[in-house]
Chemist: 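First the structure, then my questions, so here it is.
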Amino acid sequence: MFVDEVDIRILAGDGGNGCLSFRREMRVPRGGPNGGDGGNGGSIYLVATQHHNTLITYRFHPEFKAERGGHGLGSNCDGRGGEDLVLGVPPGTVVSEVAGGESILMADLARNGDRVLVARGGRGGRGNAAFATSTNRAPRRTEPGAQGEQRVLRLRLKLLADVGLVGFPNAGKSTLVARISEARPKIADYPFTTLTPNLGVVRLDDDRSFVVADVPGLIEGAHLGHGLGTRFLAHLERTKVLVHVIDLSPATGRDPVHDFDVISRELELFAGTGDETAKGLATKPRIAAANKVDVLDDPDQLERLKRHLSRLKVPVFPVSGATGEGVRELLEAMWREVARHNTVTVA
């Protein structure tokens, strides 16, 4: 099961209480206070690890509590500190605190090994030995341990991919991913076969590789929640280029030019919502993959699509995910955009 958004409740450990104690030993007059301090409570950390690729663990276990600190003891013995709790999440997880009906960004764990403190453990209370002074040699004062922080967190996974495939349901995105990578998504001849994003690694040669994401199909009105809505568009935020997979098959009964315009408009309308993810999608480089040329019966459809996208400066690559025709040229175009983006980022 692919889970990309969950809410969890975390409770850091409370600090231990300080101890009230006095030294009482034979032949030791005026032993004085010797109550130790309480230990600090355990804190909670989130760390991005490549051993996780979904948030399903937290769907069925939504509450986590760190160990509390030990209480102080006599003979100036401090309590043991509580152990920290480290929770692993997939790289690409965005962490927000849910408070007062609002979601406040805490961290973006984009890379493997990224780590963030999300709840600090309570400080241990002081024992009476800490309050001894020259004028108060037998204090009976102690401190209770402080409470650990408590929070409700929203974890949202945004997949890390270089190239994102978008298009209508059944346009052949999953077939294309299976053709160009080792990924094996479910493929069938009905719409909405893909219900969760699929990732695949494309290897052009020993030195060149990139990650491609197949996002579930969009339909007209997706920005309003129609079909699968825009739920999975967040997974395209980190991509460097969007590839519009356009179905040329006569079986659809649709116009390829209209299909491209509909998907582009849905992305633009989503961008108009003010969502930061959406704003990023609207400015990404675009490539068009005119898919299923092996069953194309009207060459004029492809020519009209090329003329239309030429005016928009969107390159078009006729391909067939089923036979592999034209796929190599498409992959090289994807790589050029990925490499260009990496060069600009480094510069």
Chemist: When clusters are formed from ILVMFWY side-chain contacts under 4.5 Å, directly or step by step, what else is grouped with V152?
Modeler: V98
Chemist: Got a donor-acceptor contact below 3.5 angstrom from the D114 side chain to the A48 backbone?
Modeler: no
Chemist: Answer with yes or no whether the hydrophobic clustering places L109 together with Y45; edges join I, L, V, M, F, W, Y residues whose side-chain heavy atoms lie under 4.5 Å apart.
Modeler: no
Chemist: Is any side-chain heavy atom of P90 closer than 4.5 Å to one of L55?
Modeler: yes
Chemist: Keeping the roles fixed (side chain from D37, backbone from G127), state whether a donor-acceptor pair exists under 3.5 Å.
Modeler: yes
Chemist: F260 vs H308 aromatic rings, parallel, tilted or perpendicular, using cut-offs 30° and 60°?
Modeler: perpendicular
Chemist: Applying side chain to side chain contact (heavy atoms under 4.5 Å, CB included), name anything that partners S320, two or more places apart in sequence or on another chain.
Modeler: V293, D294, A322, T323, E325
Chemist: Using a 4.5 Å cut-off on heavy atoms from C-beta on, say whether the side chain of L331 contacts that of I180.
Modeler: yes
Chemist: Once you round to the nearest 0.5 Å, how far does CG of L153 lie from CG of L87?
Modeler: 9.0 Å
Chemist: For the side chain of H244 and the backbone of A288, is there at least one donor-acceptor N/O pair under 3.5 Å apart?
Modeler: no
Chemist: Cluster question for you: counting only ILVMFWY and a side-chain heavy-atom cut-off of under 4.5 Å, with indirect links fine, are V257 and V316 together?
Modeler: yes
Chemist: Can F64 be reached from V6 by stepping across I, L, V, M, F, W or Y side chains whose heavy atoms are under 4.5 Å apart?
Modeler: yes
Chemist: Please list all pairs passing the side-chain hydrogen bond (donor to acceptor under 3.5 Å, both in side chains) test where one or both residues lie in residues 136-151, with sequence neighbours left out.
Modeler: R9-Q150, E97-R151, R126-E143, E149-R151
Chemist: D162 pairs by salt bridge (Lys or Arg N to Asp or Glu O under 4.0 Å) with which of R208, K284, K240?
Modeler: K240
Chemist: Determine yes or no for a side-chain-to-main-chain donor-acceptor pair under 3.5 angstrom, with D247 supplying the side chain and N291 the backbone.
Modeler: no
